[in-house]
Amino acid sequence: MKVLVVGGGGREHALVWKIAQSPKVEKIYCAPGNAGIAAHAECLDISATDITGLLTFAYNERIDLTVVGPEAPLVAGIVDEFENHGLKIFGPNKAAAELEGSKKLAKEIMEKYDIPTARYASFTEAQAAKEYIKEHGAPCVVKADGLAAGKGVIVATTEQDALRAVATIMEDKAFGDAGKQVVIEEYLEGEEVSILAFTDGKTVIPMVSSQDHKRIFEGDLGPNTGGMGAYSPAPVYTPKVQEIVEKKVLKPIIEGMAAEGRPYRGVIYAGLMLTKAGPKVLEFNCRFGDPEAQPVLMRLESDLVEIMQAVIEGRLAEQDIKWSDRASVCVVLASGGYPGGYEKGKVITGLDKVDEGFVFHAGTRYLDGKIVTSGGRVLGVTATGDTIKDAIDAAYRQVEKISFEGMQYRRDIGQKALKRPGI
Ligand code: AMP
Ligand code: GLY
């Protein structure tokens with residue numbers, strides 16, 4: 001088979017790495033890919049959002065399976081375009097991906113199908129949003145309705161912060177059209193967990209649990225990032241919580257989407273807050289998480305390509321998906337200044353000294369035969385262990401060998417898991 005992977009971050013490196021292990025696969029292309037991906041795939045000079053360019057390539061090269069990593073092409077309708085041309089592609093179509101593309105739509109569907117989530121109100125006018133905030137006070141969470149690369153969510157601890165968030169999103173248009181509407185949510189307290197699941201629109205098979213670390217600094221301080229590290233499993237996700245999530249979140253959302261005329265096929269990602277009143281959905285994403293995909297896919301023992309084919313063909317119920325019992329941890333190494341402005345082109349050293357686990361590349365490229373930084377999140381150093389503690393130690397042993405100018409990372413990835421009794 002010839003496979004095309006769309007995207008060029010750490011998640012896509014994990015996808016390419018896992019797809020390369022399938023005996024069914026002869027050749028992998030990745031658009032645009034990165035320096036790490038280039039070891040397993042031919043990287044193409046086509047951007048992940050150039051749907052016409054991707055379609056032309058896949059059509060001319062007779063690609064057997066296209067796998068889409070990021071949300072932007074899914075929300076823009078890449079799946080519909082490929083399917084209209086008879087090409088097999090893994091991911092939800094435009095109508096289904098709107099579950100991530102519009103936070104307001106996601107809230108309406110959750111409300112309609114009784115899926116536990118934070119109370120909310122949505123606004124198209126800044127003035128009305130501000131009045132609502134003055135009436136309800138803080139803390140609250142202000143969210144741009146559309147896609148904003150993970151930056152459109154502002155957790156406001158004071159009323160003033162919340163009012164400023166509305167001004168930033170709706171008046172300053174910091175996220176462009178994504179901020180034409182805002183959703184204002186009740187602030188939820190608890191521990192977060194990410195549940196990814198495969199679904200063909202009828203059957204839902206959850207993957208192993210994981211936990212992201214969204215803030216830039218240790219102790220969950222500082223601004224939100226795309227994710228500074230992740231581990232799997234998340235011990236906070238007990239069998240009891242799992243049962244509730246499968247029954248009250250995963251099953252109803254897939255049935256609800258089908259009932260709405262938006263049948264969902266691909267990976268669905270539920271970002272959950274485990275509150276005292278039970279698990280509540282913070283968001284749905286229409287794809288693998290990044291960096292959650294790295295530790296989760298490292299634990300997948302089954303053939304990912306076979307699962308993806310079963311999803312596309314509506315045969316997921318036949319699949320028996322196997323996972324390793326080992327824990328896994330991914331520590332993200334980021335550029336100095338991220339998630340704000342940062343410099344690129346810093347030479348990365350020490351990658352050849354890594355002798356355990358795997359280093360997934362995110363923002364890297366080749367320059368004059370050297371691997372240099374080319375993004376905010378640069379590498380995802382990932383390792384497994386018999387316990388989470390062992391996996392943490394293994395990952396950080398490798399982190400110590402790698403360096404580039406300005407490199408920053410959190411030293412507490414996975415620590416929350418160790419604080420839980422019985423671990
Ligand atoms: P989202 O992209 O909607 O998941 O939001 C990004 C991050 O903001 C989440 O991972 C949470 O840390 C935080 N967040 C979002 N919604 C809420 C909420 N209702 N209460 C507390 N924190 C939230
Ligand atoms: N790690 C969070 C996300 O992929 O949205």
Side-chain angles (χ1 to χ4, degrees), residues 7 9-12 14-15 68-72 74-75 97 99-107 110 115-122 136 138-157 161-162 165 169 175 178 182-196 207 209-216 220-232 234 267-277 279-297 330 332 334 339 360 362 376-377 380 410 413 416:
R11 163 185 49 213
E12 288 75 27
L15 286 167
V68 187
E71 60 277 15
L74 292 166
V75 171
L99 191 61
E100 175 168 0
S102 167
K103 294 201 185 280
K104 178 167 180 251
L105 177 86
K107 294 300 275 191
M110 284 190 261
I115 295 170
T117 187
R119 282 193 306 274
Y120 81 106
S122 66
H136 288 80
C140 66
V141 184
V142 183
K143 302 185 175 186
D145 177 61
L147 293 186
K151 293 180 185 147
V153 173
I154 299 163
V155 179
T157 43
D161 286 349
I169 297 172
F175 310 110
V182 289
V183 167
I184 300 177
E185 276 187 15
E186 160 200 16
Y187 173 76
L188 298 175
E189 263 177 288
E191 198 167 326
E192 282 183 56
V193 62
S194 304
I195 299 302
L196 285 65
M207 302 183 210
S209 63
S210 56
Q211 191 175 61
D212 189 6
H213 297 66
K214 292 225 162 76
R215 306 294 192 101
I216 184 72
D220 293 333
L221 298 174
N224 267 333
T225 68
M228 291 300 289
Y231 64 90
S232 171
V267 167
I268 186 158
Y269 165 136
L272 303 167
M273 186 71 92
L274 304 182
T275 73
K276 285 199 182 104
K280 294 194 181 185
V281 176
L282 294 174
E283 63 169 345
F284 284 113
N285 292 326
C286 62
R287 40 140 185 110
F288 281 94
D290 187 346
E292 291 96 324
Q294 291 84 314
V296 167
L297 289 174
C330 169
V332 170
F360 295 110
R377 291 189 291 174
R410 280 180 59 163
I413 302 302
K416 248 185 234 168

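For this chain, numbers begin at 1 and follow the sequence in order. Keep in mind the model is a prediction, meaning the values are calculated, not measured. Atoms within each ligand, like the ligands themselves, are counted from 1 in listed order.
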**Q.** Candidate pair Lys103 and Glu185, rule salt bridge (charged side-chain N to carboxylate O under 4.0 Å, His left out), full reasoning
**A.** CA-CA 11 Å; Lys103 294 201 185 280; Glu185 276 187 15; over 6 Å; no
Q: State whether the side chain of Ser210 and the backbone N or O of Ser232 hold a donor-acceptor pair below 3.5 Å, judged by distance alone.
A: no
Q | Identity and distance of the protein heavy atom lying nearest atom 17 (C) of ligand 1 | A | Leu282 CD2, 3.4 Å
Q. In the protein, which heavy atom is nearest to atom 13 (C) of ligand 1, and how far is it?
A. Val155 CG2, 3.9 Å
Q: Just jot down the ligand 1 atoms closer than 4.0 angstrom to any heavy atom of Lys214, in number order.
A: 10 (O)
Q) Touching ligand 2 at all, Gly226? Heavy atoms, strictly under 4.0 Å? A) yes
Q) Non-hydrogen atoms of Gly271 versus ligand 2: any pair closer than 4.0 Å? A) no
Q | Nearest-neighbour protein heavy atom for atom 2 (O) of ligand 1, which is reported as residue plus atom name and distance | A | Glu283 OE1, 2.9 Å
Q) Atom OG1 of Thr275 and atom CD of Glu192: how far apart are they, to the nearest 0.5 Å? A) 12.0 Å
Q. For Ala234, does its backbone N or O pair with a side-chain atom of Ser209 as donor and acceptor, under 3.5 Å?
A. yes
Q: Identify whether the distance between the nearest side-chain nitrogen and carboxylate oxygen of Glu191 and Lys416 falls below 4.0 Å.
A: no
Q) At a 4.0 Å threshold, what atoms of ligand 1 neighbour a non-hydrogen atom of Glu186? A) 18 (C), 19 (N), 20 (N)
Q. Can you tell which part of Val141 has a heavy atom less than 4.0 Å from ligand 1: side chain, backbone, both or neither?
A. side chain
Q: Could you tell me whether Lys214 and ligand 2 have an N or O pair separated by under 3.5 Å?
A: no
Q: Look at ligand 1 and say whether Glu189 reaches it with a heavy atom at a distance under 4.0 Å.
A: no
Q.
Tell me whether His213 contacts the main-chain N or O of Gly229 through its side chain, where contact means a donor paired with an acceptor under 3.5 Å.
A. yes
Q.
For Lys107, is there an ion pair with Asp145 - N to carboxylate O distance below 4.0 angstrom?
A. no
Q. Closer than 4.0 angstrom: is that true for some heavy atom of Phe288 and an atom of ligand 2?
A. no
Q: Could you check atom 22 (N) of ligand 1 against the protein and tell me its nearest heavy-atom contact, residue, atom and distance included?
A: Met273 CE, 3.9 Å
(Q) Tell me whether Arg11 reaches ligand 2 (any heavy atom closer than 4.0 angstrom to a ligand atom). (A) no
(Q) Please report the interatomic distance CD1(Ile195) to CZ(Phe284), rounded to the nearest 0.5 Å. (A) 11.5 Å
Q: Can you figure out which of Arg287, Glu192, His213 has its heavy atom closest to atom 4 (O) of ligand 2?
A: Arg287
Q | Under 4.0 Å to a heavy atom of Lys103 - the qualifying atoms of ligand 1, by number | A | 2 (O), 3 (O)
Q | Thr275, Leu188, Val142, Asp220: member with heavy atom nearest to atom 20 (N) of ligand 1 | A | Leu188
**Q.** Evaluation steps, side-chain contact (heavy atoms from CB on, under 4.5 Å), between Cys286 and Leu99
**A.** CA-CA 7 Å; Cys286 62; Leu99 191 61; 5.9 Å; no
Q. Considering only heavy atoms from C-beta outward, does the side chain of Asn224 approach that of Arg215 to under 4.5 Å?
A. yes
Q: Give a yes-or-no answer on whether the side chains of Tyr269 and Glu292 include a donor-acceptor pair shorter than 3.5 Å.
A: yes
(Q) Students should be able to answer this: which protein heavy-atom is nearest to atom 10 (O) of ligand 1, and at what distance? (A) Glu192 OE1, 2.7 Å
Q. To the nearest 0.1 Å, how far is atom 16 (N) of ligand 1 from its closest protein heavy atom, and which atom is that?
A. Lys143 NZ, 3.0 Å
Q. Near Asp212, which atoms of ligand 2 are under 4.0 Å from a heavy atom of that residue?
A. 1 (N), 2 (C)
Q.
Treating Glu100 as the side-chain partner and Ala97 as the backbone partner, does any N or O pair qualify as donor plus acceptor under 3.5 Å?
A. no
Q: Considering only non-hydrogen protein atoms, determine which one is nearest to atom 7 (C) of ligand 1 and report residue, atom name and distance to 0.1 Å.
A: Asn224 ND2, 3.9 Å
Q: Please determine if Val153 has a nitrogen or oxygen closer than 3.5 Å to a nitrogen or oxygen of ligand 1.
A: no
(Q) Counting C-beta onward and ignoring hydrogens, is there a side-chain heavy-atom pair between Arg410 and Asp220 closer than 4.5 Å? (A) yes
Q: Would you mind listing which atoms of ligand 2 come within a distance below 4.0 Å of any non-hydrogen atom of Asn285?
A: 5 (O)
Q: Please confirm whether Gly289 comes under 4.0 Å of ligand 2, counting heavy atoms of the residue only.
A: yes
Q) Is the closest side-chain heavy-atom distance between Pro291 and Arg377 below 4.5 Å? A) yes
